[in-house]
Asker: 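Before I ask anything, let me first share the structure, which is written out below as structure tokens.
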Amino acid sequence: MSSQTGPDENVSDDENLPAAQEESHGAEVVEADPFADPGLPPHEHRIQDIDERAAKRSERTVALLFTLSMLATVGFIASFVAFPIDEIIYVWPLGHISSLNLALGLTLGVALFCIGAGAVHWARTLMSDEEMVDERHPVAASPEVREKVISDFKQGAKESALGRRKLIRNTMFGAVALVPLSGIVLLRDLGPLPKDKLRHTAWKKGKLLVNENTNEPLRPEDIAVGSLTFAKPEGLEEEDHHFQEEIAKAALMIVRLEPNDIKDKRELDWSHEGIVAFSKICTHVGCPVSLYEQQTHHVLCPCHQSTFDLTDGARVLFGPAGHPLPQLNISVNKDGYLEAQGDFAEPVGPAFWERG
Amino acid sequence: MSTATETRGSAAAEGKKKAPAGERVADWADGRLGIYSLAKANMRKIFPDHWSFMLGEVALYSFIIIILTGVYLTLFFHPSMNEVEYHGPYTPMQGVQMSEAFKSTLDISFDVRGGLLVRQIHHWAALIFLAAMFVHMMRVFFTGAFRKPREINWVFGFLLFVLGMFTGFTGYSLPDDLLSGTGVRFMEGAVLSVPIVGTYLSMFLFGGEFPGDDFVARFYSIHILVLPGIMLGLLVAHLILVFYHKHTQFAGPGRKNSNVVGMPLLPVYMAKAGGFFFLVFGVIAAIAALFTINPIWVLGPYRPDQVSTNAQPDWYMGFSEGLVRVMPGWEVDFLGHTLVLGVAIPLMILFPLVLVAIAVYPFIEAWVTGDKREHHIADRPRNAPTRTAFGAAWISWYFVCLVGGGNDLWATHFHLSINAITWFVRIAFFVLPVLVFWVTRRICLGLQRKDREKVLHGRETGTIKRLPHGEFVEIHEPLSQEQLHTLTAHDQYEPVEIGPLKDENGVERKVSRGQKLRAKLSKGYYGESGQIPKPTREEYHELESGHH
Amino acid sequence: MKKLSARRRHPLAALVVLLFALAATGGLYTAFAPAGEAKAEQESSKSLAIEEGKKLFATGCSSCHGTGGQGTSDGPSLVGVGAAAVDFQVGTGRMPAQQPGAQVPKKPKVYSQDEINQLAAYVASLGSGPAKPTKDMYDPAGADVARGGELFRTNCAQCHNFTGEGGALTHGKYAPDLGDVDPKHIYEAMQTGPQNMPSFTDGALPEKDKRDIVAYVKTVNSDNSESPGGFKLGGFGPVAEGMFAWIFGLGALIAVAVWVAARTAKAKKS
């Protein structure tokens, strides 16, 4: 009768709920209530319902679509055989694309789409479009059913004597609570303990700075003011088993500044003739920062735009990074090559709880 | 039940002619599975026609497409991080060191006929799957279709969306290319920011230091087994509940809360919904034929010391990217330990907060209205102004984060400063939702007023008539009974009253803080400023008699 | 006409009018705006380019860079920047600069190649700097594209994106798209480090490596670049893909859904 179904078992104590709407009871009510539900409008026929020729046309359209789909599948198989996988063709405006990918995708697309279009057209024009009404039934059970279930449950619970025999209950809970621990313990060997792994890199005193591009040790004269160079520690080769883990911490970004421009005293001490070496790994979440602007001496991270000032100890100027990029203390050895004076003084990369 | 079956069986046996083969198979199955009882309830199930009711189907079908194409891809993909050198047909990668995962993805694209197509269908379908879930969720939200008895299904749907995000993220990371590897590095940084256990979690997740040799294989089993398995279960439950509750419908003549009007499953919806699957698949296949997605061959293999600008996750993770990008770099010392608030706040507090805000809304609304009745009539968004405003505000919140996640591209394409965009997002994150809430509510109230005018005065026809004494008037055409009913069929709540704070004896009643809050919210929702009273019969009749 | 006036009250009327207005404004803008600018530039190019070397410099460059190229508050010193820098800056139209801004953008060039050569010779005479590269130094043909790709990802992609589509820097600055840049200019840019771009000196990035990089850029980012999977959507990655999936992917599917769910036309409807 109303805008609700279902028993009002939980009728709230509030009176803020809207009044139920009355149902129509024929013409007299309509007269009195202009907003009453007039009921479903009478069914109107489609052209296909009254004109057999129109229906035939629809039938032919549907059949045509299904036939097109068959042809497209044949086309798919033909394309699979006919087009070489490495053939590139120019198709305006898409560009130079793979003929095989285009042919397979379009034929598959047409084959599938036409099945769908045929089925929907069939449903829309030839199947009955008379609207039907389904009554809803409340989801909640009737009070009698509810009563029965509750009493059955109580009976079962009583028969189990779980409430009375507390010893059984408590030990069972204990056992069930403990048994998943085995599963958690099994996860222990997913990886090693952190220990001090995040505190050390491959840099050591005397390690040469090797140019990433040439794989040769760098000399100060290779590095001009305004240039940008990337380096890795001597002895770390791309073929090494742990190359990825090591380079993830040791990657170095080297620029040369005018010594007068360096504002931070420690930065100046750790530089060589204005050449400074900073960790390439962002202190935010570890992307390689390296968008070096040679006029402003700012370096930007492409991932989250943390900006560091390389003239001032790589201080954070903008963005979500929380601390400066670590600097590597460098100097020149007796052969004239740049070398590290030791490892980074602090952990490189993203901050973590134990970093301190 | 069993006796009935036997009777029918024997009746069939005694019959002059044998039943057709199809019926005999069905009888056989019914005797073992009880399919007739199932079919009785569902074969002619009625579904209402409305385009917005098909958004969920788009999501369902893209999920099926993803599973089909995903199974195919597992036949060729090697989830291994062993380093190999490439010597395949793609020249710009000749001799480059890469993981086997990356190489096998190149092979799928360049050596397996149709492999590229399937990869692209898989990825496009994933983006569309998440987008379809999003708009489906918004449709349910704005029509109030989450109300009793559908709250649990709302939660199932929400979980599907969240799990879909993570399934997408793990899948996107599998090729081990430079773009997705950057995303995984980001995840490592995020895990490290977890107080106390962060470093341990990171070591366990990656089997040691980042990137290690394990994460592709681990993500693989999560991506193809764990998450899709859970999603499949939730999806089945979601669909069962849709059948069980029957679909909501918009108000209209003959469409009541106690019925559902539409077309039967057999044959109309079997053809329409079944056909729609093929339509969705066809469209996505055509997109995959014409538009490339995630061309990993130009991205290159992952190396932790390389990166490219435009480093973004797929769109569904974009809002978390935005949160992280605009967060200030707070890092504080806590008893000698580092609290990485700049990463932990956006990812461990704001990320879940944005998602949960929309998920819990139905329960908040149910608490405010105190309505425990079933609702099967979908609201028009304007008739629930506060809910609609909240939803619009949430969307603006979500999208402002998305803008933040793509700030570098907005900067280059609209010639703006990336810093300015970041500041805009920082401010808009707080201001925009409030603004959108206010504006949307005003718009809804305006539309309600317009409906009221239409009911009482009829539709403006645009025809101007000159009266004999020279006055010009616009002719208003009275609405039909159907229209009048449709425009006045919605429920309107009264605000909750706490009642007098002192009872008749002057003793103070205890009113809990929760009740006071509820009364306040209810007043905001349903007080004078929250809705326009719908026209009453009396008002209508009064005007009617005035006109004649 | 009568029909039109009857329909102006249609619920969608406002939308239709808005669309018309937007289309008309956009059409007018594209019809008129760029044409005017282009003409002005062509004319200014005619009025300028006649004299040679120093004379050219005196008229075109000295107001910012000083009469002897020693630099002023408006422009840096050009002593020692070399011929390559001039060839890049003037050859890509960046110089002469038009107006102050975050960054001097690429424009149609003002000087002819002969004039640029004259200017370059003059600036090179002020102090030694990188000379203009010869064709065999930057010719992409025959270079190692795969190695170029690796070098590009190490040295360039962070600013210019995977395939050199460009990207954002701080405060409105940007790394430009390398798509239609002449191989010579790419080489010169690496050599000299124009504006905020760092330089990649031969000591750090030898000649051959630069040529490999040029070859890679020309392979993946030119009009002839192959994109086997189909249209590239700009090559910007997931943001463009996401927008496409929403607007065209989901958009198309919603259009299909509207058709599937719509009631079929009735016979009597007029």
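The shown structure was predicted, so the numbers you read here are calculated from the model rather than taken from an experiment. To find a chain, count down the sequence lines: A is the first, B the second, and so on, and within it residues start at 1.
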Asker: At what distance, to the nearest 0.5 angstrom, does CG of C/Asn155 lie from CD of B/Gln306?
Answerer: 9.0 Å
Asker: Tell me, out of C/Lys232, C/Met243, C/Glu165, C/His171, who's got the most heavy-atom pairs with chain B below 4.5 Å.
Answerer: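 That would be C/His171.
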Asker: Picking from C/Val239, C/Asp177, C/Leu253, which has the most non-hydrogen pairs under 4.5 angstrom with chain B?
Answerer: C/Leu253
Asker: Taking the side chain from C/Glu150 and the backbone from B/Val96, do they hold a donor-acceptor pair closer than 3.5 Å?
Answerer: no
Asker: Compare every heavy atom of B/Pro92 with every heavy atom of C/Val145, then report the nearest pair and how far apart it is.
Answerer: CG1-CB, 3.9 Å
Asker: Heavy-atom pairs under 4.5 Å with chain B: which of C/Pro228, C/Ala240, C/Ala252, C/Ala215 has the most?
Answerer: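 Result: the option with the highest number of such pairs is C/Pro228.
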Asker: Do C/Leu233 and B/Thr292 have side chains that get closer than 4.5 Å, going by heavy atoms?
Answerer: no
Asker: For B/Asn294, is there any backbone N or O sitting under 3.5 Å from a side-chain donor or acceptor partner on C/Glu241?
Answerer: yes
Asker: Below 4.5 Å, heavy-atom pairs only: which of B/Leu179, B/Leu117, B/Asp408 has the largest tally toward chain C?
Answerer: B/Leu179
Asker: Please check: side-chain N/O of B/Lys272 versus main-chain N/O of C/Val260, any donor-acceptor pairing under 3.5 Å?
Answerer: yes
Asker: Between C/Val256 and B/Phe276, is the side-chain contact (heavy atoms from CB on, under 4.5 Å) condition met? List the steps.
Answerer: CA-CA 8 Å; C/Val256 171; B/Phe276 195 42; 3.6 Å; yes
Asker: Would you check if B/Trp51 and C/Ile254 make a side-chain contact, meaning some heavy-atom pair closer than 4.5 Å?
Answerer: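 Contact flag for B/Trp51/C/Ile254 side chains = yes.
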Asker: Check the angle between the aromatic planes of B/Trp124 and C/Phe244 and answer parallel, tilted or perpendicular using the 30° and 60° thresholds.
Answerer: tilted
Asker: Using modelled atom types and a 3.5 Å cut-off, is there a donor and acceptor pairing between side-chain atoms of B/Asp314 and backbone atoms of C/Pro238?
Answerer: no
Asker: For chain C, which of B/Trp297, B/Tyr86, B/Tyr90 has the most heavy-atom pairs under 4.5 Å?
Answerer: B/Trp297
Asker: Against chain B, work out which of C/Trp246, C/Tyr216, C/Phe248 has the most heavy-atom pairs shorter than 4.5 Å and name it.
Answerer: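 The candidate making the most pairs under 4.5 Å is C/Trp246.
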Asker: Checking the side chain of B/Ser308 only, and the main-chain atoms of C/Phe162 only, is there a donor and an acceptor separated by less than 3.5 Å?
Answerer: yes
Asker: Which residue out of B/His50, B/Met263, B/His413 racks up the most heavy-atom pairs below 4.5 Å with chain C?
Answerer: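 Ranked by heavy-atom pairs under 4.5 Å with chain C, first place is B/His413.
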